[in-house]
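Values in this document were obtained by computation on a predicted structure and should not be read as measured data.
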Amino acid sequence: LLDRIISIEKEIAKLKTQVKEHKLIVDEVFSKHFKLDLKQYSDLEKKHVFGKNLLNLSKSVQLRSSLKFHHPKFDFVLEKIKEFKTVKLKQLLKEPVRRGIQPEYVEEDGILVIKTINVNKEGYIDLTETEFVSDEFYNKVKKKAGIQQGDILVTSTGEGRGKVSLYDLDEPAIVDTHISIVRCKEDVNKKYLTYFLLSSMGKNQLSILEQAIKGTPEIYPQEIEKLIIIFPFTEVQNNIVKEIEIKLNEQKKITKQIEKFKQEINNLIKEAIFG
């Protein structure tokens, strides 16, 4: 029995070496297509002390006095983006980016409310914790705060800002005031755009856009529209999405196998104790 448990634990350890963070997988695929040197980027990201020529401040997306917004990793990413065909996010929009509204919650089930906690950092909607509003409230605010399948959600205020998820559910829902709604034209590949915003190329731009005018760091809707998107031919976008999703599915299989092995160990221990 002990030998079997040790053998399974070795298999788990081997599988864990193959586990990668969601963001790293996205970055690996984008770096392959757009030649972003992830090693160089990683080295820059670790820099805590650096100099900045004040004459270069005018090149920034926004004028900031804090060196946080002039970290060399931002320049590195922005210069790489300029090497390719780009568009401003505003050019891809069906309507202007807008924020949600403060919900009036109800106890019973109703229309789903998506909050910062529901926007997972890995790019999907997490409904582990859910709250609802009434149908009546939804009908009153849906024009401003209602979301639909294919909308891209960006958490825009407080500690949870900068997370991005594609809303891929069929059911109607609204978002609260901490989330911005990015609704693109019908022919835009929403998955490609979501993955781009999840990559270092997108994440860094969102960080640059942060403002703390009222004390709390925020990313304002009009600033989100200024994001620069690498926009290759449709075939390239489709290939990038396909590659990322193949890799993510492989990760899911690894995770499931690890859980399966853990359950087997639990079963062996139960069997040894209770017979």
Side-chain angles (χ1 to χ4, degrees), residues 20-92 97 121-123 152 154-156 160-166 180 182 188-212 217-233 236-237 239-241 243-244 247:
K20 292 182 179 179
E21 288 185 6
H22 184 284
K23 182 179 178 297
L24 178 58
I25 290 172
V26 172
D27 271 346
E28 284 178 347
V29 175
F30 273 94
S31 67
K32 171 188 164 185
H33 285 269
F34 303 121
K35 299 178 175 59
L36 179 69
D37 188 331
L38 291 180
K39 173 67 170 60
Q40 189 178 354
Y41 173 76
S42 179
D43 291 342
L44 285 172
E45 200 172 28
K46 293 171 185 173
K47 278 196 171 188
H48 296 293
V49 178
F50 56 91
K52 188 72 180 179
N53 187 337
L54 293 179
L55 293 176
N56 290 332
L57 292 183
S58 62
K59 297 179 183 178
S60 302
V61 175
Q62 293 177 355
L63 182 62
R64 302 291 174 83
S65 59
S66 169
L67 280 179
K68 171 188 172 182
F69 297 100
H70 303 288
H71 195 287
K73 68 178 182 179
F74 295 142
D75 289 337
F76 177 73
V77 168
L78 290 174
E79 288 304 314
K80 175 55 65 175
I81 289 173
K82 291 175 186 175
E83 294 177 14
F84 300 91
K85 177 190 173 186
T86 62
V87 296
K88 290 283 183 71
L89 179 60
K90 187 174 183 177
Q91 295 172 250
L92 306 178
V97 176
K121 66 179 181 179
E122 295 186 347
I152 297 171
V154 181
T155 58
S156 301
R161 67 194 179 280
K163 294 188 293 180
V164 179
S165 286
L166 178 66
S180 295
V182 177
V188 172
N189 188 328
K190 282 81 172 178
K191 285 187 176 181
Y192 170 80
L193 183 53
T194 302
Y195 286 133
F196 181 85
L197 295 177
L198 285 166
S199 75
S200 292
M201 293 177 173
K203 285 286 188 184
N204 276 284
Q205 291 190 70
L206 285 169
S207 295
I208 295 170
L209 295 178
E210 292 175 8
Q211 298 185 54
E218 296 198 42
I219 306 170
Y220 290 94
Q222 63 270 27
E223 299 300 326
I224 293 174
E225 294 182 1
K226 296 177 184 176
L227 289 168
I228 303 169
I229 312 298
I230 296 181
F231 204 69
F233 292 117
V236 176
Q237 294 183 37
N239 287 339
I240 288 172
V241 170
E243 287 178 42
I244 290 172
K247 290 177 180 290

NZ/K191: more than 12 non-hydrogen atoms of other groups inside 6.0 Å: no

Shortest non-hydrogen contact from S180 toward I219: OG-O, 4.3 Å

Candidate pair Y220 and L209, rule side-chain contact (heavy atoms from CB on, under 4.5 Å), full reasoning: CA-CA 8 Å; Y220 290 94; L209 295 178; over 6 Å; no

S199 side chain vs L197 backbone, donor-acceptor pair below 3.5 Å: no

Considering all heavy atoms, the nearest I81-T86 contact: O-CG2, 3.5 Å

Enclosure of K85 NZ (heavy-atom neighbours >12, cutoff 6.0 Å): yes

Salt bridge (charged side-chain N to carboxylate O under 4.0 Å, His left out) involving E21 - partner list, sequence neighbours excluded: none

Charged N-O contact under 4.0 Å between K20 and E28: yes

Side chain proximity check, L36 to M201, heavy atoms < 4.5 angstrom: yes

T155 side-chain N/O to G160 backbone N/O, donor-acceptor pair under 3.5 Å: yes

Value rounded to 0.5 Å, distance of NE2 in H33 from CD1 in I230: 11.5 Å

Evaluation steps, side-chain contact (heavy atoms from CB on, under 4.5 Å), between K226 and L89: CA-CA 6 Å; K226 296 177 184 176; L89 179 60; over 6 Å; no

Those residues that, when tested against E122, pass side chain to side chain donor-acceptor pair (under 3.5 Å) (two or more places apart): none

Residues forming a ring pair (Phe, Tyr, Trp, His ring centres under 6.0 Å) with F76, sequence neighbours excluded: none

Donor-acceptor contact present, side-chain T194 to main-chain S165, <3.5 Å: no

Pair Y195-D27, side-chain donor/acceptor within less than 3.5 Å: no

Side chains of L198 and H22 in contact at under 4.5 Å (non-hydrogen atoms): yes

Check: K80 side chain, K35 main-chain N or O, donor-acceptor pair, under 3.5 Å: yes

S31 side chain vs D37 backbone, donor-acceptor pair below 3.5 Å: no

CA sep, side-chain torsions, deciding dist, call: Q205, L78, side-chain contact (heavy atoms from CB on, under 4.5 Å): CA-CA 8 Å; Q205 291 190 70; L78 290 174; 3.9 Å; yes

Close side-chain approach of Y41 and N204, heavy atoms under 4.5 Å: yes

N/O donor-acceptor pair under 3.5 Å between S207 side chain and K203 backbone: yes

Salt-bridge criterion met for R161 and E210 (N-O under 4.0 Å): yes

Sole candidate of I240, N189, I229, L227 that passes side chain to side chain contact (heavy atoms under 4.5 Å, CB included) when paired with F196: I229

E243 vs K32, salt bridge (charged side-chain N to carboxylate O under 4.0 Å, His left out): CA-CA, chis, key distance, verdict: CA-CA 11 Å; E243 287 178 42; K32 171 188 164 185; 3.0 Å; yes

Reported CD1-to-OH distance for the pair I244 and Y192, which is rounded to 0.5 angstrom: 9.0 Å

Any side-chain donor near an acceptor of the partner, S200 and K23, under 3.5 Å: yes

Main-chain N/O of F231 paired to Q237 side chain as donor or acceptor, under 3.5 Å: no

Pairwise distance CD(E225) to CD(Q222) - rounded to 0.5 angstrom: 7.5 Å

Residue pair V188 / L92: nearest heavy atoms and the distance that separates them: CG2-O, 3.7 Å

